[in-house]
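Below: the structure, in structure tokens.
Just follow the structure's listing: the first ligand is 1, and inside any ligand the first atom is 1.
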Amino acid sequence: MPESYYDIIILGGGPAGLTAGLYAARARLHVLLIEAGLLGGQMTVTEVIENYPGFPEGITGDQLSRWMEEQARRFGLEIVSQEVTEVKVDRGLKFVRAGGSTYECKAVIVCTGAEYQKLGVPGEAEFTGKGVSYCATCDAAFFRDSRIAVIGGGDSALTEALFLTKFVKELTIIHRRDALRATKIYQERAFASPKIKFLWSSTVHEIKGDQVVRSVLVKNLKTSEITEHLFEGVFMFVGLTPRTQFLKGMVEVDPGGYIITNMAGETSVPGIFAAGDCTKKLLRQVATAVGEGATAAFSAEKYLEESE
Ligand code: NAP
């Protein structure tokens, strides 16, 4: 039997979830937000966010997360720290399983975001936490004055690499093509950094070490030559995987697992809405996530009114 009843339950407390929470709570609805990790999501591991409007000097991800939480709580948003494992629908009602509890509601907004993808090369799992990392903000301090590799050529790889230059002696970006995917401004900054080198058209073949990472075997994709490079750390930024597995095929997703929504944030199931990085979308930014969170909350409110 469900322990508690809510109008709306929001799954995930990143910028999309916290904004959906703010809007829904401010609309005087009874709203619960469930977050397994840190409130703020990926913002919490972002040193500085400089493209979120209203902060001309940029703002730390941690500060923006805390302010978003404070603002939503001010309007009555309830927040619990639990991991959502299942969502079920029965005659229009939704049942959310999280941390051993079952919550009942009329509408669910899925804002569970995405996590960094694994590369799947030998040594990666073995040395995770022993030189292999997926979070520069969390682990940079362990690599003071070291030589490290950053894998990937997107916005994550470049922004994290630029942050890591404050700590490391030298950093090599290993990218599988000979052109970067990242936004031009990050490319310009990376090319201008005396600490950043590039290994183009190359992939990681194997990560080697003893107790910790010592070197990386790098394969040149044009010549197939494999060379060994001495690195004390390897930071992986090769894309994202949406956290949607717990929905177990309940809503329509694309081949990558991203939830398909319409402009109102509606999914293929009435009363289940989605917003932010877990959805199929063009641009993954804090600025887009908050807009989608607001839209999904508005749509959920309309859904509740119409289903009364
Ligand atoms: P991404 O844009 O998907 O880039 C992933 C990078 O990893 C690409 O360069 C890709 O190479 C490479 N890659 C993928 N699979 C690989 C493999 N198996 N082996 C080697 N390399 C591989 O992911 P992201 O950088 O994490 O960014 C995700 C989203 O968040 C994007 O929409 C991004 O704009 C956004 N974001 C924005 C900011 C910001 O604006 N400040 C910061 C971080 C992230 P190819 O280029 O060859 O595909």
Practice item. For residues Asp139 and Phe235, determine if any side-chain heavy atom of one lies less than 4.5 Å from a side-chain heavy atom of the other. Key: yes

Point to revise | Which of the ligand 1 atoms, numbered from 1, are nearer than 4.0 Å to a heavy atom of His175 | key: 9 (O), 11 (O), 45 (P), 46 (O), 47 (O)

Practice item. Identify the heavy atoms of Ala157 and Val150 that sit nearest to each other, and give their distance. Key: O-CG1, 3.7 Å

Exercise for review: Quick one: look at Asp155 and ligand 1, take heavy-atom pairs under 4.0 Å, and tell me if it's side chain, backbone, both or neither.
Suggested key: both

**Study point:** Which residue and heavy atom of the protein sit nearest atom 14 (C) of ligand 1, plus the separation
**Key:** Val238 O, 3.2 Å

Exercise for review: Say whether Ser307 and Lys106, considering side chains only, have a donor N or O and an acceptor N or O under 3.5 Å apart.
Suggested key: no

Revision key, fill the gap. Between Val132 and Gly123, the two heavy atoms sitting closest are CG2-O, 4.5 Å

Review point. To which protein heavy atom is atom 35 (C) of ligand 1 closest, and what is the distance rounded to 0.1 Å?
Key: Arg284 O, 3.3 Å

Revision key, fill the gap. Here the atoms of ligand 1 under 4.0 Å from any heavy atom belonging to Arg177 are 45 (P), 46 (O), 47 (O)

Point to revise | Minimum side-chain heavy-atom gap Trp67-Glu70 below 4.5 Å | key: yes

Practice item. Calculate, to the nearest 0.5 Å, the distance between atoms OG1 and CE belonging to Thr128 and Met236 respectively. Key: 7.5 Å

Review point. Are Thr112 and Val84 close enough that some pair of their side-chain heavy atoms sits under 4.5 Å apart?
Key: no

Practice item. Indicate the ring-plane relationship of Trp200 and Phe191, choosing parallel, tilted or perpendicular according to the 30° and 60° boundaries. Key: tilted

Check your understanding: Does the pair Arg284/Asp155 count as a salt bridge with the N-to-O cut at 4.0 Å?
Key -> no

Revision key, fill the gap. The atoms of ligand 1 lying under 4.0 Å from a heavy atom of Asn51, numbered in the order shown, are 40 (O)

Review point. Is Arg181 touching ligand 1 with its side chain, its backbone, both, or neither, if touching means heavy atoms under 4.0 Å apart?
Key: side chain

Review point. Which of these, Ser156, Gly239, Ala179, Ser202, has its nearest heavy atom closest to atom 24 (P) of ligand 1?
Key: Ser156

Practice item. Determine whether the side chain, the backbone, both or neither of Gln285 has a heavy atom under 4.0 Å from any heavy atom of ligand 1. Key: side chain

Review point. Can Glu50 be said to touch ligand 1, with heavy atoms closer than 4.0 Å?
Key: no

Study note, to complete from the structure: Check: of Leu240, Ile49, Thr203, min heavy-atom distance to atom 28 (C) of ligand 1 comes from Leu240

Check your understanding: Counting only heavy atoms, which portion of Tyr186 has something under 4.0 Å from ligand 1: side chain, backbone, both, or neither?
Key -> side chain

Practice item. Taking only heavy atoms of Gly153 into account, list the atoms of ligand 1 that are under 4.0 Å away from them. Key: 6 (C), 8 (C), 9 (O)

Practice item. Give the residue and atom name of whichever protein heavy atom lies nearest to atom 20 (C) of ligand 1, and the separation in Å to one decimal. Key: Arg176 CD, 3.8 Å

Review point. Between Glu69 and Arg73, is the closest basic N to carboxylate O distance under 4.0 Å?
Key: yes

**Study point:** Region of Leu119 engaging ligand 1 - heavy atom pairs below 4.0 Å
**Key:** side chain

Exercise for review: Specify side chain, backbone, both or neither for Gln117, according to which of its non-hydrogen atoms lie closer than 4.0 Å to ligand 1.
Suggested key: neither

